[in-house]
Peer 1: 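Below is the structure I would like to discuss, written out as structure tokens.
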Amino acid sequence: MSHQLTNDEVQERLWKAVDDHHTGMLGLTHDSHHFQPMTAFVEKDTNTLWFFTKTDTDLAQAIASGANDAAFIFLDRKLQACIDGRISLAHDKARIDKYWNVHVAAWYPEGKDDPSLTLLRMDVSEAAVWISEGGLLKYAFEVAKANAGKSTPDIGERRDVSFQ
């Protein structure tokens, strides 16, 4: 990377990437259960992620029982992140209306009034973010250069970001 990104630039890239692609893997960090694919909705001004779920899922039931440390793992071609925070159940009608779309609706046959519909709110505290620049050609060049020169590829940077 040509210049060191500021924390604000890293946060902005992270939220833009999640907002553009939405999908990642969500799970509780204290739990031995597998993470699951979820669609995230970003509120960058409050460093909050929102997820639709049903009240009878293992994840929702664990949160209702007091589990609240979570991680959202996000990957795209230029940015990868492990986003940590506190998660809670939040049946927020305004946000259900705000983020409702045809993709969400497909999972709730009774619509926005489905009795099993709820939201998960994740208040983000920190993230480890890897930013890759240049795409596939840069990656291939850097790998070839590293192998030829007995060094390691320079394909981006890793940053730890605090949201508190």
Peer 1: Please indicate whether Lys54 has more than 12 foreign heavy atoms, meaning atoms of other residues, nucleotides or ligands, lying under 6.0 Å from its NZ.
Peer 2: yes

Peer 1: Is there side-chain contact between Thr39 and Phe51, with heavy atoms separated by less than 4.5 Å?
Peer 2: no

Peer 1: Side chain to side chain contact (heavy atoms under 4.5 Å, CB included), that's the test. Do Asn47 and Asp123 meet it? Break it down for me.
Peer 2: CA-CA 6 Å; Asn47 299 315; Asp123 295 301; over 6 Å; no

Peer 1: Are any side-chain N or O atoms of Tyr108 and backbone N or O atoms of Thr53, one a donor and one an acceptor, separated by less than 3.5 Å?
Peer 2: yes

Peer 1: Could you give the distance from NE2 (His91) to OG1 (Thr55), rounded to the nearest 0.5 Å?
Peer 2: 9.5 Å

Peer 1: Can you tell me how far CD of Gln61 sits from CG of Leu89, rounded to the nearest 0.5 angstrom?
Peer 2: 10.0 Å

Peer 1: Can you tell me how far CD of Glu126 sits from OG of Ser162, rounded to the nearest 0.5 angstrom?
Peer 2: 7.0 Å

Peer 1: Indicate the ring-plane relationship of His22 and Phe41, choosing parallel, tilted or perpendicular according to the 30° and 60° boundaries.
Peer 2: tilted

Peer 1: Could you pull out the closest heavy-atom pair between Met122 and Ala70, with the gap in Å?
Peer 2: CE-O, 3.6 Å

Peer 1: Using the rule given for salt bridge (charged side-chain N to carboxylate O under 4.0 Å, His left out), can you reason through Lys112 versus Asp114, listing the C-alpha separation, both sets of side-chain angles and the distance that settles it, and then say yes or no?
Peer 2: CA-CA 6 Å; Lys112 294 178 190 177; Asp114 190 313; over 6 Å; no

Peer 1: Check each of Leu79, Val161, Asp160 against Val10 using the side chain to side chain contact (heavy atoms under 4.5 Å, CB included) test, and report the only one that passes.
Peer 2: Val161

Peer 1: Asp92: what forms a side-chain contact (heavy atoms from CB on, under 4.5 Å) with it, not counting sequence neighbours?
Peer 2: Trp50, Ala94, Arg95, Leu119

Peer 1: Evaluate the side chain to side chain contact (heavy atoms under 4.5 Å, CB included) criterion for residues Arg159 and Asn7: first the C-alpha distance (whole Å), next the side-chain angles of each, then the deciding distance (0.1 Å), finally the verdict.
Peer 2: CA-CA 8 Å; Arg159 294 288 294 282; Asn7 283 340; 2.7 Å; yes

Peer 1: Are Tyr99 and Trp107 linked, directly or through intermediate hydrophobic residues, by side-chain heavy-atom contacts shorter than 4.5 Å (ILVMFWY only)?
Peer 2: yes

Peer 1: Identify the residue among Leu49, Asp69, Ile63 that makes a side chain to side chain contact (heavy atoms under 4.5 Å, CB included) with Ile87.
Peer 2: Ile63

Peer 1: Please determine whether residues Val18 and Leu5 belong to a single hydrophobic cluster, defined as Ile, Leu, Val, Met, Phe, Trp and Tyr linked transitively by side-chain heavy-atom distances below 4.5 Å.
Peer 2: yes

Peer 1: Please report the shortest heavy-atom distance between Ala90 and Thr118, naming the atom on each side.
Peer 2: C-OG1, 4.1 Å

Peer 1: Heavy atoms, side chains only, cut-off 4.5 Å: are Asn68 and Leu28 in contact?
Peer 2: no

Peer 1: Please report the interatomic distance CD(Glu43) to OG1(Thr48), rounded to the nearest 0.5 Å.
Peer 2: 6.0 Å

Peer 1: Is any side-chain heavy atom of Val129 closer than 4.5 Å to a side-chain heavy atom of Gln80?
Peer 2: no

Peer 1: Could you check if a side-chain atom of Thr23 sits within less than 4.5 angstrom of a side-chain atom of Met38, using non-hydrogen atoms only?
Peer 2: no

Peer 1: Can you see whether Phe163 has Lys44 sitting over its ring - NZ or CZ less than 6.0 Å from the centre and within 45° of the normal?
Peer 2: no

Peer 1: Would you say the side chain of Ser125 lies within less than 4.5 Å of the side chain of Arg86, judging by non-hydrogen atoms?
Peer 2: no

Peer 1: Begin with the C-alpha distance, continue with both residues' side-chain angles, and end with the deciding distance and a verdict on side chain to side chain contact (heavy atoms under 4.5 Å, CB included) for Ile83 and Leu14.
Peer 2: CA-CA 10 Å; Ile83 304 167; Leu14 172 62; 3.9 Å; yes

Peer 1: Using the side chain to side chain contact (heavy atoms under 4.5 Å, CB included) rule, take Val124 and Asp84 through it: C-alpha gap first, then chi angles, then the decisive distance, then the call.
Peer 2: CA-CA 6 Å; Val124 174; Asp84 296 321; over 6 Å; no

Peer 1: As an exercise, state the distance from NZ of Lys98 to NZ of Lys93, rounded to the nearest 0.5 Å.
Peer 2: 15.0 Å

Peer 1: Supply the atom-to-atom distance Phe52 CZ to Leu120 CG, rounded to the nearest 0.5 angstrom.
Peer 2: 10.5 Å

Peer 1: Assess whether ring-ring contact (aromatic ring centres under 6.0 Å, His included) is satisfied between Phe72 and Phe35, documenting all intermediate values.
Peer 2: CA-CA 9 Å; Phe72 182 64; Phe35 278 46; 9.4 Å; no

Peer 1: Can you give me the closest heavy-atom contact between Thr6 and Glu9, atom names plus distance?
Peer 2: N-OE1, 2.8 Å

